[in-house]
Amino acid sequence: MTEKKTDKAAHKSKADREDLKKKYEHLLNDYKNIWKASSDEDRKQIFDFANEYKKFIDSAKTEREFVSEAITSATEKGFVDIKSVKALKTGQKVFASIKGKGLVLAVIGKKPMSDGFNILGAHVDSPRLDLKPNPVYEEEETVYLKTHYYGGIKKYQWTTIPLSIHGIVYLKDGSEVSICIGENEEDPVFYITDLLPHLGNEQMNRKGTDIVKGEDLNVIIGGIPIEDDVPQAFKIGILKYLFETYGMTERDFVSAELEIVPSMKAKDVGFDRSFVAAYGHDDRVCAYPALATILEISKPEKTCVCMLTDKEEIGSYGNTGAQSRLYENVLAELLNKQNGAYDELLFRKAIENSKMLSADVSNGFDPKYSSVSDPRNSAYMSHGIKIEKYVGARGKSGTNDANGAFVAEVIKAFEDHGVIWQTGELGKIDEGGGGTISAYMAQFGLEVLDCGVPVMSMHAPYELISKADLYHTYLAYKAFVLHMK
Ligand code: MN
Ligand code: MN
């Protein structure tokens, strides 16, 4: 008897506790794990989207390849080069290549463009090794390429992994040759050596930045000499191969744009396949859902734009980076071709009325390295798209601090459309920091907010993301372009 009574009491108090918890729930801001809240159907969509993503990024490792693959996909969906269009109508789909390294895609909305554009902006360059202008040399009967790293990398991570060479060479006769070696199963790869631990005493006592020095990132590209007994016979052996295969000579390296990237393919991670490891998630894991979004839109209210920029990893400089006015020119051309004439003030107003998501990755909280992050202000893997009101470093320096009213509007659009989101900062105060394209775009006067997928091991040759975050980032970008007023 007594026992039964206690049971009932315990049961009642548990129900009371639940009620009490519910009573105050609306006061608290709780962030959810997507897997915990997902049905089998949700999970199928998450996994299917990740499979498409992996396929795409395996064939688009550099900014040029991303732009070219994006144009191919866009053309299949009815997008045409803006150059071929005289007047733009509602529902029309156009693209403009920014010198083959950046891309603007647009779907023309029902409203006049002077009401503003809804813009998704991501970058398609990733950290990598570029070549020095005089890269080829022979030492101890081995042939190497001298490289100059591009973007912020931990240099020691780029040794002893399979590397591929991607890019373009401009020949003396004016023709161009595309090169991509190291991606197919039967292709050779390229390689940077490291010191054996047996003799690594001095090296392992160096500072992390000097464990492998920039001048040591030399890539092995061959080791068989030509038959003739001449000086540099090994180097000539490789130059002869390059001439016979591509028609290029040593001189053509000066103008070539060849990039050394990891040759690993994107792979599922974990027994449950919840994560994806790949080269260059930063920022293709945001660029891809932004592209997927623009490719499936038809007849939106406002004109929707997807802007894929280059050079973000080195400060968005150059005429293909986000600081270039070529991107602005495309928006002006859109307005011009809708209105039939160009009106500078109308264009300035169109930009001012525009709303943009700066789609870029941020760090995912890593419990192994928790000391660099504030756990209450961090993005967690599988907790959805990360909103960052501001980025920057040392007292928010160098950031676009998004306007509160706009942040509130974006969050509402996300929540109205089932997007799971979270927020946080990039690490603890004064621990470091980072920048994105948002500060440059804000100069136009448009509203812009940083948000994207949390990444672990960011800028490593093989980075990690959660499939759930990727999918909710796609949902977020779609909610934004379609529903921002
Ligand atoms: Mn980035
Ligand atoms: Mn980056």
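Atoms within a ligand are numbered from 1 in the order they appear, just like the ligands themselves.
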Please name the residue in the list [options] that meets the side chain to side chain contact (heavy atoms under 4.5 Å, CB included) test with [X].
| X | options | value |
| --- | --- | --- |
| T147 | L217, I192, L163, D216 | L217 |
| I165 | V261, L145, L129, V219 | L145 |
| D469 | V455, I385, I34 | I34 |

Check your understanding: From the Mn ion (ligand 1) out to just under 2.8 Å, does an N/O/S atom of E313 turn up?
Key ->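 Not a single backbone or side-chain N, O or S atom of E313 is under 2.8 Å from the Mn ion (ligand 1).
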Review point. Got a sec: is H123 within less than 2.8 Å of the Mn ion (ligand 1) via an N/O/S atom?
Key: yes
Exercise for review: Kindly indicate whether the side chain of K467, heavy atoms from C-beta on, has any atom under 4.5 Å from the side chain of F275.
Suggested key: no
**Study point:** Atom nearest to the Mn ion (ligand 1) - D360, N, O or S atoms considered
**Key:** OD1
**Study point:** Angle subtended at the Mn ion (ligand 2) by NE2 of H459 and OD2 of D282, nearest 10°
**Key:** 90°
